[in-house]
2 protein chains.
Amino acid sequence: METDEGDETDAGVSTTRKTFAILEALAETDGLTITELTRRTGLSKSTVYRHLATLTDMGYVVERDGEHYIGFRLLEISEQARNRETGYAAAKRTVFELGQETGERAVFTVEERGEAVYLHRYGSRSNTLIGERRPLHTLASGKAILAEWDDDAVARFVAETGLEAITDNSITDPDELRTELEAIRERGYAVNDQEHMDGLRGVAVPVYTPDDDLLGALGVFGPTSRFKDEALHEELPTRLRDKADEIRVTLAYG
Amino acid sequence: METDEGDETDAGVSTTRKTFAILEALAETDGLTITELTRRTGLSKSTVYRHLATLTDMGYVVERDGEHYIGFRLLEISEQARNRETGYAAAKRTVFELGQETGERAVFTVEERGEAVYLHRYGSRSNTLIGERRPLHTLASGKAILAEWDDDAVARFVAETGLEAITDNSITDPDELRTELEAIRERGYAVNDQEHMDGLRGVAVPVYTPDDDLLGALGVFGPTSRFKDEALHEELPTRLRDKADEIRVTLAYG
DNA sequence: AATTGATATCCCGTATCACGAGATAGGTAT
DNA sequence: ATACCTATCTCGTGATACGGGATATCAATT
């Protein structure tokens, strides 16, 4: 009876869902009032009030002049996730160095639940990127990760998530994805040519632990004008591989 | 009737508290099994099971081989808190530079609910520090923040939180704290002489926004052997003030 | 001053729903 | 074959989270 899929919409603890609905609304727009939160969540006024009171009491929400904000205590929990494997922490410095040295934006990406998650970033004026999720098949780092999977796993990914087109260049055909991943395995690095955003190219390589487990992917991206020819296919891939090796060495010998 | 203090222990939504009890247990020790979680939280097995199912469904917890981990999705929410004010993001790079240039550990600290919270750090082998909370009066950065408050606010802080002694050098006397804060206001920087940990000294300065609001405190710390004489009272304070000004300028002119 | 409108806070009866005990199933070691 | 771990599911019951509405508070408007 494992084929009972269908309505897994709202199983479980509904109160917990309400709590996170409020937290997510606060994350989206900071400094909301209670009535504004009732509007956005669709919950009743008193429900929002009680949940906020609880969250505030626990320190996960702070209130100032009637406006509510996500409290820093949530950082305490989520940072544990980010530092789960020491490798994730080791990648932090590497991303910074990579950004400094190349003058481009750099990221360290991992996969979770079939999506790419940014764990570290350098550059990008955009306010945040950390923790944000993107479709694996539209990023250089995402494709670098997919290339590490076996065919079954990739097929499952395609079946479950699909290949959404974000730009005209996004890969949407499963066969095309397969040949692309094969090419990535061949040359050891992945390239993203405006598959996630027009005018933006990227390069990425997989990062391994000393035990040869996949840790994540290290990548840089920037405007097409600077990402072409030798830079795109020689200089950056080489530099990325060096940095990926550095992480592995750091993990092995502290 | 605002003097009804006393049993504000477990008001509010108890289910939410259970949810976070589980999340906190997972944050403390990664990769716990359900039965292990029941032991640590004191909740019943089926309760833990249902909560975990809900959290996993929402993506806040991930499960691998029967072991449960905090999911990266929580980062998505808490990073919003960290980047609430653009100043917090601006401080990130400054902390890194400060650490590189001085070769010491550097932190950016803010106050929330009467405690010091680390928002950025450089150095420190210790696995994480981000989001962790410390008593204000035992840190250089904490005292730098306290020195910005008026006497009433400080008195309220002392009354509510007390002045716990963490080391022999910790300030425990309210009068001593007052004179210390006055001295900090005079010279513009705060010094911590083994008030938080034996063998550790620190220096910190307040960081202001272009509107002269207090953003947080910027500090460095390290072994007493390197933190003395001119370094402690000339070189580092000057450098810190420069960096704090840089943040302010960045905020004003992008 | 008086009125309006927006907010947060509180109360309470009701129905929901989260709860724990126990039963089942699946796996591993003895 | 037995014992002993796990995770998962079911179910009846009682706690409790729920929303409607009443009240309080404050600011702006008249």
Side-chain angles (χ1 to χ4, degrees), chain A residues 1-26 29-71 113, chain B residues 1-26 29-71 113:
Chain A
M1 346 223 100
E2 56 261 21
T3 50
D4 60 7
E5 46 230 67
D7 63 322
E8 41 210 337
T9 30
D10 48 19
V13 185
S14 68
T15 305
T16 305
R17 290 182 192 278
K18 294 187 183 112
T19 292
F20 277 101
I22 292 173
L23 285 174
E24 284 169 17
L26 283 179
T29 319
D30 248 350
L32 294 176
T33 141
I34 288 187
T35 23
E36 185 58 25
L37 271 170
T38 63
R39 223 179 46 71
R40 301 203 183 205
T41 58
L43 301 169
S44 96
K45 200 167 35 170
S46 33
T47 301
V48 173
Y49 173 75
R50 243 171 308 115
H51 276 259
L52 275 180
T54 311
L55 288 169
T56 304
D57 182 58
M58 288 190 290
Y60 292 114
V61 165
V62 290
E63 178 265 335
R64 205 173 49 204
D65 302 328
E67 305 197 325
H68 298 265
Y69 303 85
I70 301 281
R113 309 182 107 232
Chain B
M1 1 218 91
E2 56 262 21
T3 50
D4 60 6
E5 49 230 67
D7 63 323
E8 43 210 337
T9 30
D10 49 17
V13 185
S14 68
T15 304
T16 305
R17 290 183 192 279
K18 294 187 183 111
T19 291
F20 278 101
I22 292 173
L23 284 175
E24 284 169 17
L26 282 179
T29 319
D30 247 349
L32 294 176
T33 137
I34 288 188
T35 23
E36 185 58 24
L37 271 171
T38 63
R39 223 180 46 72
R40 302 204 182 203
T41 59
L43 301 169
S44 97
K45 198 169 33 170
S46 34
T47 301
V48 173
Y49 173 76
R50 242 172 307 117
H51 276 260
L52 275 181
T54 311
L55 288 168
T56 304
D57 182 58
M58 289 190 290
Y60 292 114
V61 165
V62 289
E63 177 266 334
R64 205 173 49 204
D65 301 329
E67 305 198 325
H68 299 264
Y69 303 84
I70 302 279
R113 309 181 106 230

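Chain A is the first sequence line, chain B the second, and so forth, proteins listed ahead of strands; every chain is numbered from 1.
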Exercise. Near DNA chain C, under 4.0 Å by heavy atom, which residues of residues 63-71 of chain B?
Worked result: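 Going residue by residue through residues 63-71 of chain B, none turns out to have a heavy atom under 4.0 Å of DNA chain C.
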If you measure from [atom1] on [X] to [atom2] on [Y], what distance do you get to the nearest 0.5 Å?
{"X": "B:L26", "Y": "B:L52", "atom1": "CG", "atom2": "CG", "value": "6.5 Å"}
{"X": "A:L23", "Y": "B:Y60", "atom1": "CG", "atom2": "OH", "value": "7.0 Å"}
{"X": "A:R40", "Y": "A:T29", "atom1": "CZ", "atom2": "OG1", "value": "4.0 Å"}
{"X": "B:K18", "Y": "B:R50", "atom1": "NZ", "atom2": "CZ", "value": "9.5 Å"}

Exercise. For A:T56, does its backbone N or O pair with a side-chain atom of B:R113 as donor and acceptor, under 3.5 Å?
Worked result: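 Looks like yes, one N/O pair under 3.5 Å.
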Whole angstrom value for the distance that separates [atom2] of [N] from [atom1] of [X]:
{"X": "A:R50", "N": "C:dC17", "atom1": "CZ", "atom2": "P", "result": "13 Å"}
{"X": "A:R17", "N": "D:dA17", "atom1": "CZ", "atom2": "P", "result": "17 Å"}
{"X": "B:D57", "N": "D:dT8", "atom1": "CG", "atom2": "P", "result": "14 Å"}
{"X": "A:L52", "N": "C:dC10", "atom1": "CG", "atom2": "P", "result": "14 Å"}
{"X": "B:E36", "N": "D:dT6", "atom1": "CD", "atom2": "C1'", "result": "13 Å"}
{"X": "B:K18", "N": "C:dC19", "atom1": "NZ", "atom2": "C1'", "result": "7 Å"}

For [X] and [N], is the shortest distance between a side-chain N/O and OP1 or OP2 below 4.0 Å?
{"X": "A:T35", "N": "C:dA8", "answer": "yes"}
{"X": "A:H51", "N": "D:dC18", "answer": "yes"}
{"X": "A:S44", "N": "D:dC18", "answer": "no"}

For this session: For A:T16 and B:M58, run side chain to side chain contact (heavy atoms under 4.5 Å, CB included): C-alpha distance rounded to whole Å, both residues' side-chain angles, the deciding distance at 0.1 Å, then the answer.
Result: CA-CA 10 Å; A:T16 305; B:M58 289 190 290; 3.8 Å; yes
Exercise. Is the shortest distance from a Lys or Arg side-chain nitrogen in A:R64 or A:E67 to a carboxylate oxygen in the other one below 4.0 Å?
Worked result: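 Salt bridge flag = no for A:E67 with A:R64.
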Are any protein N/O atoms closer than 3.5 Å to N/O atoms in nucleotides 24-30 of chain C? If there are, list each pair with its distance.
none

Among [options], which nucleotide sits nearest the side chain of [X]?
{"X": "A:T33", "options": "D:dA7, C:dA18, C:dT7", "answer": "C:dT7"}
{"X": "A:Y49", "options": "C:dA18, C:dT9, D:dT8", "answer": "C:dT9"}
{"X": "A:I34", "options": "D:dA17, C:dC19, C:dA8", "answer": "C:dA8"}

For this session: Scan A:S46 against the nucleic acid and name what it touches under 4.0 Å (heavy atoms): base, sugar-phosphate only, or nothing.
Result: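 Here A:S46 touches the bases of the nucleic acid.
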